[in-house]
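Here the structure is laid out as structure tokens; the discussion comes afterwards.
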Amino acid sequence: RNGGQGMVGCGYLLLFMLWGFVASGWDMSHHLSTKTPYVSGYIPGTDPEPSECSVLHLQIVARHGSRYPNDGSAKQFTTLESSIQQNKQLLNQTQLAWLLEWKNPYTALYTGSLLNYGELEHFHLARRLSERFPQLLNVTYSPKQFFIQTSQVPRAARSGNAFGFGLFGAKPMGDLENSFTPFWTYSVSENEDWTLRFNRNCPAYVEFAKSPEASAQYDQWKTVWGEKTAAKIRQKLSTTWTITPDDVSTMFQACAFDLVLHHNDSKWCKLFDAEDILAADFGEDLQNYWTKSYGNELNYNISCRLLNEIIDIMEGKVEGSTDFTLQTSKFRFAHAETIIPLATILGLYKPNPEEMRWDTPVEKQNERTWRASEISPFAANFVFVLYNCSHTYKVKVLHNEKPVQIPGCDLYCPLDTFKAIFSQYSQCPWDDMCGIKPLACIDPQPATVPSSNFWQALTLGEFVGIVVGVFSTGFFLATMATFYLLRKQQTQYTLIANV
């Protein structure tokens, strides 16, 4: 994997240094499932375009960059901290002094927020794409040409901003007028975002994701791996501390964020060997596979609106639709829950189902084709490039900046063929898939009971209600009339007294 080439100036040096804590050989930071930092797959000069083809339109779907732990992980770290403090006496013999004093460093103020490193991931992605597609991207900014959409989650929005700044805003400092370029981004209300947050808006999927069925493979794996690894950690710590599978899972998360945030493998990561890390990476993959990918058809079928929008924009551009006459690019910034289903609906990285079970043998685990660390690391991205090749329109797909071949098509796939491959998703029966029932129609002319049969049609309860209502109304009106007369009489007495 080559992450250096294609970076510009000091950006190249900075990202190289951030990865520089790894000496050589096996690198645990490449095996953190969806917590894996981004490494570009672009190698300049290895992907020449056919001479008869010119770029017509570009679309990107990207995950947000590297982030702080989310609220759920932060709560788990607090629980782990409490467990350590409660078992301090059992840890006195450990040589890991840092463990005895460890506190959860992740405060609520920053949970889930984008890291500065995550901003750089998207900044440099924009720079590399600008160099790669200068005819579309290395031009003066216009909001009619460039559309930047993000989910309403701040880390996705900030990723879009960092990308836009890399594409439009970072120019050599000179006079103020030419040193920066403000640009436009937009988002859709989360409860109506069916292209970037479809997982949140499909009731059937939300119900499935919470079900025991969705987590069954991961839960069984975690019990076996957690108990085995807990025994190894107790031995390393020379302690009788009762470490649970949940504790081990949290320790792996702490290791992952030590690497992502601090590029530090000298604390939590020291509790794991390579075998443990590879196994943990597989376990995280089980969870993502069964809840976001091929494990259940619903996981990826609900990304059909996003896929159809991508195709519709390309088709509209070819047909000269007035909606897309000026548009040259659309950039979307979202989440792993967007990238993984999209990769799946495209038919990429489909494994043998036997590779993705809790009891898969280790050698099969290591040979698997489905790896979240490669499919959806932080800042993962798909680029859909539309070409005009001598009046034949073709699509090329890049995944993490590297060309990928869509099953059933060539690398440069004719647009008509591309559409045909995914024609089964063109209808996208969202309401049926998601179990959304249409609102019942209300008859604007409610049925009435003929006056002659009105009293016969009443139930006893309805009759009593009418009587009580009439009596209450009469009592209220009588009270108000009495109050009015008393006030009038009092006013008369007051006038006489004043005279």
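Below, all heavy atoms of this structure are taken into account, side chains as well, without hydrogens, waters or symmetry copies.
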Taking side-chain contact (heavy atoms from CB on, under 4.5 Å) as the definition, give me every residue that meets it alongside [X], ordered by chain and number, with sequence neighbours left out.
X	answer
Ala126	Phe163, Leu167
Pro353	none
Leu278	Trp26, His31, Asn366

Does a donor on one side chain sit under 3.5 Å from an acceptor on the other, for [X] and [Y]?
X	Y	value
Asn400	Tyr42	no
Gln59	Arg332	yes
Tyr349	His399	yes
Ser33	Asp285	yes
Thr360	Glu355	no

Side chain to side chain contact (heavy atoms under 4.5 Å, CB included) between Val248 and Phe252: does it pass, once the steps are laid out? CA-CA 6 Å; Val248 178; Phe252 173 70; 5.9 Å; no

So [Y] and [X], do their side chains get closer than 4.5 Å, heavy atoms only?
X	Y	value
Glu374	Thr36	no
Phe378	Ser376	no
Asn70	Thr111	no
Val385	Leu56	no
Phe257	Trp268	no
Val139	Phe146	yes
Val404	Leu398	no
Ile313	Leu386	no

Check for a donor-acceptor pair, side chain of Trp221 on one end and backbone N or O of Glu284 on the other, with a separation under 3.5 Å. no

Judged by atom type as modelled, is there a donor-acceptor pair below 3.5 Å linking the side chain of His263 to the main-chain atoms of Leu259? yes

Any side chain to side chain donor-acceptor pair (under 3.5 Å) pairs touching [range], not counting sequence neighbours?
range	result
residues 148-169	His64-Arg155, Glu119-Arg158, Gln149-Tyr186, Gln149-Lys330, Ser151-His335
residues 403-415	Lys396-Tyr412
residues 292-306	Asn288-Lys292, Ser293-Thr344, Ser293-Trp370

Measure the spacing between [atom1] of [X] and [atom2] of [Y] and express it to the nearest 0.5 Å.
X	Y	atom1	atom2	value
Tyr38	Ser373	OH	OG	13.5 Å
Ile345	Ile340	CD1	CD1	14.5 Å
Ile277	Leu271	CD1	CG	9.5 Å

Could you list all the salt bridge (Lys or Arg N to Asp or Glu O under 4.0 Å) pairs where at least one residue sits in [range], not counting sequence neighbours?
range	answer
residues 189-206	Glu190-Arg197, Glu190-Arg200
residues 413-435	Glu315-Lys419
residues 203-226	Lys222-Asp246
residues 134-154	none

Evaluate the side chain to side chain donor-acceptor pair (under 3.5 Å) criterion for residues Ser73 and Gln253: first the C-alpha distance (whole Å), next the side-chain angles of each, then the deciding distance (0.1 Å), finally the verdict. CA-CA 8 Å; Ser73 294; Gln253 297 297 325; 4.7 Å; no

Salt bridge [X]-[Y], side-chain N to carboxylate O under 4.0 Å:
X	Y	answer
Lys228	Glu275	yes
Lys35	Asp281	no
Lys364	Glu354	no

Geometric class of the Phe147/Trp184 ring pair [parallel <30°, tilted 30-60°, perpendicular >60°]: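 Answer is perpendicular, since the angle exceeds 60°.
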
Applying disulfide bond (SG atoms under 2.5 Å apart) as the test, list every pair that has at least one member in residues 281-400; sequence neighbours left out.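 For residues 281-400: Cys53-Cys389, Cys304-Cys428.
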
I'd like to check the side-chain hydrogen bond (donor to acceptor under 3.5 Å, both in side chains) partners of Ser189; sequence neighbours left out, ordered by chain and number. Asn191

Less than 6.0 Å separating the ring centroids of His122 and Phe333?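 So the answer is yes for these two rings.
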
For this output row, return yes or no: ring centroids of Phe422 and Phe418 closer than 6.0 angstrom. yes

Would the number of heavy atoms belonging to other residues, nucleotides or ligands and lying under 6.0 Å from NZ of Lys232 be above 12?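 Yes - once you tally the heavy atoms of other residues, nucleotides and ligands closer than 6.0 Å, there are more than 12.
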
